[in-house]
Amino acid sequence: QKEVEQNSGPLSVPEGAIASLNCTYSDRVSQSFFWYRQYSGKSPELIMSIYSNGDKEDGRFTAQLNKASQYVSLLIRDSQPSDSATYLCAVENSGGSNYKLTFGKGTLLTVNP
Amino acid sequence: SAVISQKPSRDICQRGTSLTIQCQVDSQVTMMFWYRQQPGQSLTLIATANQGSEATYESGFVIDKFPISRPNLTFSTLTVSNMSPEDSSIYLCSVRAGQETQYFGPGTRLLVL
């Protein structure tokens with residue numbers, strides 16, 4: 001059973017702070033990792049993808065991947081109230097032609113003005 | 001990224017009835033998926049919709065309950081059959097085009113009474 005674990009939160013940070021979201025996964029052969037943001041009542045929106053060890057930065061967002069530790073994280077710098085949402089970690093197992101995503105339960109982030 | 005639409009956006013249904021959800025993409029895509037998101041939960045993959053052949057179902061989901069069609073590379077339907085209140089969920093289709101990751105449609109919010 002492939003599993004993706006996240007702290008459910010809620011995680012509360014003040015506006016302007018760094019929010020740190022963490023995720024671990026069980027399947028060592030996983031190749032691709034994603035962070036989705038989901039506002040209440042909306043569908044998930046892709047915000048970051050990462051495929052190799054290290055950091056990947058996109059604006060205020062930085063994804064970090066450590067395959068040896070089976071760990072992926074998302075940092076949000078200068079957090080804004082509009083960042084308040086549930087953040088879903090997803091892992092893709094591309095064995096053969098099967099590109100299935102396994103999702104964590106999500107971390108609810110609240111950014112306080 | 002592809003533009004994805006779903007119909008209906010929401011529905012309230014009586015137990016024992018069936019509902020067919022449509023997913024339309026604005027471009028041809030290689031893979032389409034159907035997910036369920038139960039209240040307060042993360043996303044669970046129901047099946048991969050295969051063009052021109054039977055869908056591939058995940059453990060716990062069967063064709064008799066969730067028949068899926070995919071007549072071409074831009075369209076798929078998911079039917080929720082013989083519904084019970086436990087089927088009340090958000091149903092989401094997603095697409096994967098080429099080497100890109102998955103993008104989600106807006107979802108269909110289903111309430112079964």
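Note on naming: letters A, B, ... go to the chains in the order of the sequence lines (proteins, then strands), and numbering restarts at 1 for each one.
- The cluster map of Ile, Leu, Val, Met, Phe, Trp and Tyr, joined by side-chain heavy atoms under 4.5 Å apart, puts A:Tyr25 and A:Tyr71 in different clusters.
- Contacts between A:Glu45 and chain B at a heavy-atom distance below 4.5 Å are absent for every atom of the residue.
- In terms of hydrophobic clustering, with Ile, Leu, Val, Met, Phe, Trp and Tyr side chains grouped at heavy-atom distances under 4.5 Å, A:Leu11 and A:Trp35 are assigned to a common cluster.
- Under a hydrophobic-cluster definition in which Ile, Leu, Val, Met, Phe, Trp and Tyr are linked whenever side-chain heavy atoms come within less than 4.5 Å, directly or via other members, B:Met31 and B:Tyr35 are assigned to the same cluster.
- Cluster annotation: B:Phe33 is connected to A:Phe34 through the hydrophobic network of ILVMFWY side chains, with a link wherever side-chain heavy atoms come within less than 4.5 Å.
- Looking only at heavy-atom pairs under 4.5 Å with chain A, the residue among B:Ser59, B:Gly40, B:Pro106 that has the most is B:Pro106.
- Both A:Tyr87 and A:Val72 are part of a single hydrophobic cluster, where members link through side-chain heavy atoms under 4.5 Å apart.
- Proximity to chain A (any heavy atom under 4.5 Å) is restricted, for B:Leu92, to the side chain, taken from C-beta onward.
- Looking only at distances, a side-chain donor or acceptor of B:Ser42 sits under 3.5 Å from a matching main-chain atom of A:Gly104.
- By the neighbour-count criterion of 12 heavy atoms within 6.0 Å, atom NZ of A:Lys105 is sparsely surrounded, having that number or fewer from other residues, nucleotides or ligands.
- Of all heavy-atom pairs between A:Ser43 and B:Arg109, the closest is N-NH2, 4.4 Å.
- Most heavy-atom pairs under 4.5 Å with chain B, from the set A:Leu88, A:Leu46, A:Leu101: that is A:Leu101.
- The environment of CD1 in A:Ile18 is sparse: at most 12 heavy-atom neighbours from other residues, nucleotides or ligands sit within 6.0 Å.
- Taking CD1 of B:Ile90 as the start and CD of A:Gln38 as the end, the distance is 6.5 Å to the nearest 0.5 Å.
- No donor-acceptor contact under 3.5 angstrom links the side chains of B:Gln102 and A:Glu92, judged on distance only.
- Residue B:Phe104 touches chain A through both its backbone and its side chain, counting heavy-atom pairs closer than 4.5 Å.
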As a quick check of understanding, evaluate side chain to side chain contact (heavy atoms under 4.5 Å, CB included) for A:Phe33 and B:Thr101, giving each step before the final call.
CA-CA 10 Å; A:Phe33 308 86; B:Thr101 187; over 6 Å; no
